Number of protein chains: 2
Amino acid sequence: MIASPPLGDDVAPKRSVVVYKKNQKLRGVLSHLYQEETCTLAQLAETLYTSVPSITGVVEELVESGWVRTTGTATGNNGRRPVLFSLNPNGHYVIVLDSSTHDTCFMLVNPLRQVVFRRCVDTHLENNAQFVAFLLSFVQESIEEAAVNKDDIIGLGLAIPGLIDARRGINLTYPNLSAPNEPLTTCLEEQLGFPVYLINDSKATALGENRFGGGQGKKHALSINIDWGVGLGIILNGEVFQGASGFAGELGHIQVDPEGELCYCGKVGCLDTITSASSLVRRVQRAVQEGCMSKLAVYQNDVSQITINHVIEAAYAGDSFAIDMLHDTGYQLGKGLSVAINLFNPEIIIVDGVLAQASTFIINPIEQAITKYCLSGFRNDLTVEATQLNGAAKWLGTHAYVMENLFASI
Amino acid sequence: MIASPPLGDDVAPKRSVVVYKKNQKLRGVLSHLYQEETCTLAQLAETLYTSVPSITGVVEELVESGWVRTTGTATGNNGRRPVLFSLNPNGHYVIVLDSSTHDTCFMLVNPLRQVVFRRCVDTHLENNAQFVAFLLSFVQESIEEAAVNKDDIIGLGLAIPGLIDARRGINLTYPNLSAPNEPLTTCLEEQLGFPVYLINDSKATALGENRFGGGQGKKHALSINIDWGVGLGIILNGEVFQGASGFAGELGHIQVDPEGELCYCGKVGCLDTITSASSLVRRVQRAVQEGCMSKLAVYQNDVSQITINHVIEAAYAGDSFAIDMLHDTGYQLGKGLSVAINLFNPEIIIVDGVLAQASTFIINPIEQAITKYCLSGFRNDLTVEATQLNGAAKWLGTHAYVMENLFASI
DNA sequence: GCACTTTTGAAAAAATTTTATAAACTTTGG
DNA sequence: CCAAAGTTTATAAAATTTTTTCAAAAGTGC
């Protein structure tokens with residue numbers, strides 16, 4: 001007698017344990033290759049706690065499916081030289097879309113994190129459905145222009161500012177991007193035909209720094225993204241921390257100056273009103289207009305020409321007014337950061353965004369403020385650094401976010 | 001020909017993969033049984049992603065070693081009734097030591113989290129080596145009095161306030177407990193002969209709530225412990241969050257009232273100065289002395305008799321002065337908590353400590369402040385609750401911390 | 001009593017690890 | 001400079017472990 005046959009596809013397949021373990025290994029190999037770029041079978045076996053023959057089978061399968069390829073043999077060590085494996089740069093492309101309040105960039109990135117196509121336009125993030133329509137046509141045009149097979153695109157990551165509920169795929173700061181109760185992600189997925197992931201720009205930056213930048217390998221890190229606003233990205237236990245709804249890390253509306261400006265959020269002296277690059281420029285412009293002593297006084301007739309880069313350049317040229325202004329901003333920022341440090345006790349803080357170029361002019365006052373406002377125990381294991389990724393942290397982080405989510409869904 | 005024999009114990013044994021996987025299963029079974037109390041083989045197999053025969057072998061081994069025992073069969077469900085397994089309450093005891101600034105408690109706890117022996121003394125935490133000497137003799141006396149075989153004790157967890165570097169085993173707030181550069185834990189371990197773990201009292205409370213209290217199963221939770229000070233415990237991804245050095249969660253010195261009292265830390269208007277139970281009592285006493293309208297005025301001749309319980313009782317009796325005082329405290333606390341909520345975006349906040357007994361009198365103003373000081377997105381998925389563990393959260397959390405660390409070291 | 005569930009344990013099947021050996025390369029010693 | 005010794009990787013075969021399958025046992029409900 002034969003056991004009752006499976007009742008077709010309507011019964012949950014109850015994935016067998018062996019399939020589960022196989023997928024776990026596939027995931028592990030892909031993740032490790034993505035992070036380490038190139039690897040030997042022995043290394044993979046060790047990190048995944050399995051035997052070499054077992055890993056060999058998994059990798060062979062991945063080579064056949066086009067995910068992995070060999071890249072010659074290692075050199076230098078004793079003994080027989082191992083074959084090196086890496087992800088295959090041909091195919092499995094991910095689109096990184098970076099929409100900020102001043103422009104929108106499309107990047108086609110291969111599994112080796114190389115940008116194979118890039119296209120930027122001035123169209124900036126707006127809180128309406130037309131913007132999403134623009135985004136869609138922009139993506140579709142760009143795909144055509146890049147002359148890439150659409151089937152080779154495995155996902156899209158959209159990095160935008162705002163409060164983002166990553167799981168539900170909606171942006172609460174820009175709620176009109178999609179219809180109410182319809183996630184922005186499903187809206188895009190339906191049109192594009194591949195999975196779409198939403199990530200907050202500062203969180204993407206933090207992830208990029210943690211995976212490929214200065215914070216590499218650190219368990220607990222903070223990254224502050226000083227641009228038109230100031231955004232905090234949090235890495236805890238080596239993962240970007242989202243919180244229950246994806247909103248974790250709202251530092252911008254912490255009060256640092258009880259006698260400061262009124263913020264659009266209704267409170268007074270929020271960090272955002274003081275330490276963003278835009279508010280720094282505004283204060284510089286006002287001071288120049290009022291006739292302060294500075295090299296920047298050449299713009300006194302038209303202070304609106306002064307940009308953040310002018311301020312940074314002036315500081316590097318020794319202009320004490322510019323240095324003082326940067327110092328003030330850094331100090332207030334450090335004061336606000338102290339709150340986050342007291343709560344998160346990170347190992348490293350990485351400064352990103354336009355102000356990162358001011359390096360020591362902004363890092364030193366941050367460190368001074370931390371020294372003053374944090375207990376000494378917190379400072380001992382803490383370093384503050386400017387990014388060394390030259391603005392690549394955000395798209396690198398977005399790519400990592402998409403890839404890691406795709407791997408996790410195997 | 002025979003392969004060269006192992007070179008004795010001086011060569012690293014290079015734990016084989018199969019041993020690693022076996023230990024992983026042992027760990028998994030013990031952790032799951034500890035958390036769920038009682039389990040069937042099928043449940044264990046499912047949660048650990050293995051087959052039933054495989055788990056059967058692991059459990060049999062644990063039964064033989066005395067860790068696990070059967071507790072009859074399940075009832076109610078369809079089909080053949082499965083044998084139930086649980087941890088064996090005899091043996092594998094853990095000592096929970098709870099040293100606060102007013103007393104010290106010794107508890108002997110079995111793997112089913114039952115207190116088999118308990119002893120408390122008034123001796124309170126002091127920052128000197130004599131206190132450690134007292135602790136040692138107190139523990140040793142208590143073990144004798146409990147009439148338990150010392151070999152059946154597998155570890156000790158010490159819950160104390162202060163900045164605790166859990167990995168290094170030192171308390172930075174009370175640095176004189178052990179000699180400089182000598183961890184307090186190794187000092188105790190040498191004398192006692194079993195592993196000792198140090199944990200901050202508020203972190204222990206948070207862990208207890210997350211494992212066995214209201215926050216059960218929540219991924220991201222905060223617990224505030226309002227006692228003589230105010231302590232924050234953080235649960236992230238279901239684990240107690242320590243930060244890089246173990247100091248994460250220092251909320252007490254966040255400024256909530258720029259015109260408030262001077263704190264011992266040097267800043268003004270720290271949360272600690274406003275919302276701790278002791279400062280509440282102090283303010284009540286002052287107001288009563290100055291002749292406020294309240295049932296508590298009966299103590300006007302000797303305000304030092306007023307305790308926190310009197311204030312809470314008065315509130316329950318409808319005394320509007322007491323209600324207002326609790327309201328103020330809760331509101332300020334909620335204001336301070338808002339900072340943590342903006343950064344951690346938790347699902348639940350649990351109020352512990354003596355003030356938890358004031359339930360709605362303290363919960364409502366906390367919620368009001370959160371509504372005012374947090375963006376709406378943060379509030380929607382957030383609940384605020386008083387503990388339902390009646391003060392057991394701290395020792396339960398300490399026990400869980402020890403057990404989970406011991407399991408992890410298998 | 002019969003149909004249906006679920007657990008349990010033994011045997012068969014499959015997968016994985018370990019062991020052994022060959023291959024590829026570096027270093028050392030004559 | 002070449003051969004021998006020592007390393008390390010790759011792969012095939014053996015040993016072991018683990019999973020799957022199957023049938024029996026122990027229940028519920030109609």
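Note that this is a predicted model, so its numbers are computed, not measured. Reminder, nothing fancy here: chain letters follow the sequence lines and each chain counts from 1.
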For K25(A) and S54(A) the tightest heavy-atom approach is NZ-OG, 3.3 Å
Indicate, with a heavy-atom threshold strictly under 4.0 Å, whether V52(B) touches base, sugar-phosphate, or nothing. nothing
From CG of L84(B) across to P of dT6(C) the rounded distance in Å is 16 Å
Check this for me: does any side-chain nitrogen of one of D381(B) and R167(A) sit under 4.0 Å from a carboxylate oxygen of the other?
no
(Q) By the 4.0 Å heavy-atom rule, please label K25(B) as base, sugar-phosphate, or nothing. (A) sugar-phosphate
What residues 54-71 of chain A contributes to the DNA chain C interface at heavy-atom separation below 4.0 Å is S54(A)
Whole-Å distance, Y20(B) OH to dT17(D) C1', equals 18 Å
>> Which label fits F407(B) and W67(B): parallel for a plane angle under 30°, tilted from 30 to 60°, or perpendicular past 60°?
In response: perpendicular
#### Entry: No-hydrogen, no-angle side-chain donor-acceptor test under 3.5 Å, E404(A) and S31(A)
no
Regarding the side chain of P82(A), the nearest nucleotide among dT7(C), dT9(D), dT18(D) is dT9(D)
What one should report as the nearest heavy-atom pair of V83(A) and T73(A) is CA-CG2, 4.1 Å
Of V18(A) and V18(B), the one whose closest nucleotide on DNA chain D sits nearer the 5' end is V18(B)
Among the nucleotides dA10(D), dT9(D), dT17(C), whichever has the atom closest to the side chain of P53(A) is dT17(C)
dT19(D), OP1 or OP2 - any side-chain N/O from K21(A) closer than 4.0 Å? yes
For nucleotides 28-30 of chain D, print each protein N/O atom paired with a nucleotide N/O atom at under 3.5 Å, atom names and distance only.
unit_1	atom_1	unit_2	atom_2	d
dT28(D)	OP1	R81(B)	NH2	2.6

### Query
Are K21(B) and T50(A) side-chain neighbours, meaning at least one heavy-atom pair lies under 4.5 Å?
yes
- Over-ring placement of R211(A) relative to Y34(A), 6.0 Å and 45° cut-offs: no
Between P195(A) and Y197(A), the two heavy atoms sitting closest are CB-CE1, 4.0 Å
Exercise. With a 3.5 Å cut-off and no angle check, do the side chains of E347(B) and T383(B) form a donor-acceptor pair?
Worked result: no
Item to complete: Return yes if some donor-acceptor pair links the side-chain N/O of K203(A) with the main-chain N/O of G246(A) below 3.5 Å, else return no.
Response: yes
For DNA chain D, the expected dot-bracket line (Watson-Crick or G-U under 3.5 Å, [ ] crossing, | inter-strand) is ||||||||||||||||||||||||||||||
For residues S245(B) and D165(B), is any side-chain donor paired with an opposing acceptor at under 3.5 Å? no
Quiz item: Going through the checks in order, is the side chain to side chain contact (heavy atoms under 4.5 Å, CB included) test met by I153(B) and I95(B)?
Solution: CA-CA 7 Å; I153(B) 299 173; I95(B) 296 171; 4.0 Å; yes
In whole angstroms, the gap separating C1' of dT8(C) from CG of L44(B) amounts to 15 Å
Separation of dT16(C) atom P from Q24(A) atom CD, nearest Å, is 12 Å
5'-most contact on DNA chain C (nearest-nucleotide basis), T40(B) vs K22(A), goes to T40(B)
Here the distance between atom P of dT17(C) and atom OH of Y49(A), to the nearest Å, is 14 Å
Here the distance between atom P of dT26(C) and atom CZ of R80(A), to the nearest Å, is 13 Å
